[in-house]
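Okay, structure first, notes after.
For ligands, and for the atoms within them, numbers begin at 1 and follow the listed sequence. The figures here come from the full heavy-atom set of this structure, side chains too, leaving out hydrogens, waters and symmetry mates. The structure displayed is predicted, hence computed values, not measured ones.
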Amino acid sequence: MPLIPVPGRDHTWAALTPATAYVFSVETDPATAVEPAIETDVEPDDGTGAEPRAWTGGETRVVQHYWGPRPPVAALGQLTDPLPGGIPTGFLDPADAAELLPVDGGRRWGVPSLQAVYPGGVRSVELHFEEAVHGENELDLVLRDHAYGLRVSLRFRVFDDCDVIERWVTLTNESAEPVRLRRADSGSWVIPEQAGFRYTGVAGGWGSETHLHHGELPPGETTFTSRTGTTSHKANPWIMIGDATETSGRVWSVALAWSGSWRLTTQRRPEGDVAVSAGFGHEGLSWPLAPGATLSTPPALGLHTDGGHGAASRAWHEHARRHVLPTPDEERPVLYNSWEATWFDVTEQGQLDLARRAAGLGVELFVVDDGWFGRRTDDTRGLGDWWPNPDRFPRGLGALFAGVRELGMLPGLWVEPEMVNPDSDLYREHPDWVLHYPGRRRDTMRNQLVLNFARDDVRAWALGRLDGLVGEHDLAYLKWDMNRSFSQAGWAEGGDLLWIEHTRGVYAIMDELRRRHPRLRIESCSGGGGRIDFGVLRRTDQVWTSDNTDARDRQPIQQGFSYLYPASAMSCWVTDSPNPITGRAVPLRYRFHVAMAGTLGIGGDLTRWSDEELEEARRLVADYKAVRPVIQHGVLHRLDGTPGSTASAVQYTLGDRVVVLAYNPYTLDPRQPRRLRLAGLDPDAVYRDAQGVDRHGATLMHHGLILPTWRYAGADYRSEMVVLRRT
Ligand code: DGJ
């Protein structure tokens, strides 16, 4: 049983995963019992006007004792021994234990995971344990702030087949008065004390998403956040902590499954450990919780692994495949997307010309991007008017998609449902549907405003339009884009709840579309990689990694992506050279090999590719298809090098098959290693390459392969794919 009471200990539980244990207990702080003891069955504020009374029974803390490798069950009780207290002074923090949900209240001065303001401006939350509700894989610890009627439920979920622990919080206002929540994190996780705390995360911007960042966590508080209303290009809601390399060391990871604004704060504490509190919303927001209302936070996921960042990534990928992605066993098709070929110049004939060439390359899914609808001939107009532009598609989209199907490809369509141009019929009809405050400007970005997906009428409209499009054309694929951050984000009915409900609206529509159209697959895009997270990946099959399709720039982006998210979800396109955004010229083969590291797509203007280029592309698409299951579903090892800067390589292993993609962007770097050592193979097994040469796993892992690509002198942008099969 994966969630068990710890034998011999009261109110103590262990979340047992295959390799780890997470041990915590409910403790009552005797110092907080109110004296003299009066009756303890005080009713919550019931609206009678009676003064709420302090609870006498002492305050509850849920305390983490242990998070690490799994010991025998008989040893679990030994993990709860209390740490020696400090010297008592007026500044010591008696309640500053390793709490799972530190509240803003009592004698706490650390980062609160829960901040509530009760009527009269009362802010000090005091929780008391009520009950533990057990399932086999789930546990619900119910606490209550009796005097003000707030029910706080700490929820836990563990899995039999992976080491991720999922936690979230459900808050219910059981009083007759409104409560205001200023922070409602999914919980705090404590990384036990050790000599140093290195963190790894990703940061970037548009066109440079998910660049890796490492560093020593400073003492005090460090916040990673998005205030954009989306996951954002600048940061991604996860962190890894531990003194690890790629191949060795313990790593504690925390990730938030949420696609709106978020905040993750680390607190390196004087007590010697690090607390990580993560949740939705950014600072400054506050959410009304009306009498009787309930708010559930998004899941935060914690994972302890040994074996360095590589092992942590592999465990996350496995979790994503088993418990996050909606269609993990499918092979993602090779797609063509017309955006960089045509920009807004989309016509039936132009798309069919591209479709013919794409089909000739072996493309399986043809996606029509922005510019097919309303009066959308550039980015100044048309968003919101989701019917085919009659000048461009006089026969509607049906004729184009019939042509696409005749060519043996599935049809896909770009949409940006959350947006509207002021110059659109939709906005002229419903100017009140956008985020706005009375008396404030409505600032546009990319000439567009954000529709309020918290509103029922907006959700109903969007679902109706999308359902109509998918149903009418039996679409296989929607690319769901989102191209601006929130501003002047007002919602008269719900206030700041907008920041939660908008994202939930997006989720609800995606979920309902999938329910109504089980064959539909969805790609999440937000101006490239602005909406990539485990929340959106529960209802999308792949995500657009970045608008930067320059193969060299793409390599560090893909590396950072791979820390949490699996290759099957990583959309990659081969586009033109010189790259239309960066101007860099990169050989077709290198562009392909970089894009083949995830789900391959093609996004270049195929009408301008020479016959030789088309032929080479056709061969490379066939190469990809031959190894696609290994890349999309295999176990990833990031081998040597700094992707995009030095010779580097990635390896995928599935069953007996091994695929290595090796890159060398620059000529002549005598410092670089000459041999590429593989990883994760059976040392005693023999692996045969495409030329029929046999080598033992031990040779490949400990001695290495000599690759032409890694020869230290040669042309820029050399790359190759090595395929091995265990004999
Ligand atoms: C941003 C996306 O990331 C691009 O791929 C493309 O779809 C454009 N939007 C279209 O406006």
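Nearest protein heavy-atom contact of atom 4 (C) of ligand 1 is D547 OD1, 3.4 Å. Residue, atom and distance of the protein heavy atom nearest to atom 6 (C) of ligand 1 are D369 OD1, 3.4 Å. Looking only at heavy atoms of the protein, atom 9 (N) of ligand 1 is closest to D481 OD2, 2.7 Å. With respect to atom 11 (O) of ligand 1, the closest heavy atom belonging to the protein is D370 OD2, 2.6 Å. Scanning the protein heavy atoms around atom 5 (O) of ligand 1, the nearest turns out to be K479 NZ, 2.7 Å.
Defined by atom type and a distance below 3.5 Å, a donor-acceptor pair is present between the side-chain atoms of D481 and N483. A side-chain N or O of N236 and one of Y565 form a donor-acceptor pair less than 3.5 Å apart. A donor-acceptor pair shorter than 3.5 Å cannot be found between the side chains of R554 and S546.
Atoms of ligand 1 lying under 4.0 Å from any heavy atom of W544, numbered from 1 in the order shown and given with element: 3 (O), 5 (O). Here is the list of ligand 1 atoms found below 4.0 Å of a heavy atom in C525: 2 (C), 3 (O). Listed by number with element, the atoms of ligand 1 under 4.0 Å from a non-hydrogen atom of G527 are 1 (C), 3 (O). Residue G528 has at least one heavy-atom neighbour below 4.0 Å for each of these atoms of ligand 1: 3 (O).
You'll find the ring centres of W461 and H430 outside the 6.0 Å limit. Ring pair Y477/W414: centre-to-centre distance not below 6.0 Å.
Note: an N/O pair closer than 3.5 Å links R446 and ligand 1 by distance alone.
The residues D425 and R428 are annotated as salt-bridged, a charged nitrogen and a carboxylate oxygen being separated by less than 4.0 angstrom. Ion pairing between a basic and an acidic side chain is recognised when a charged N comes within 4.0 Å of a carboxylate O; R589 and D623 show no such pairing.
For D379, no heavy-atom contact with ligand 1 is shorter than 4.0 Å.
Geometrically, R539 engages Y507 in a cation-pi contact, judged by NZ or CZ lying under 6.0 Å from the ring centre and within 45° of the ring axis.
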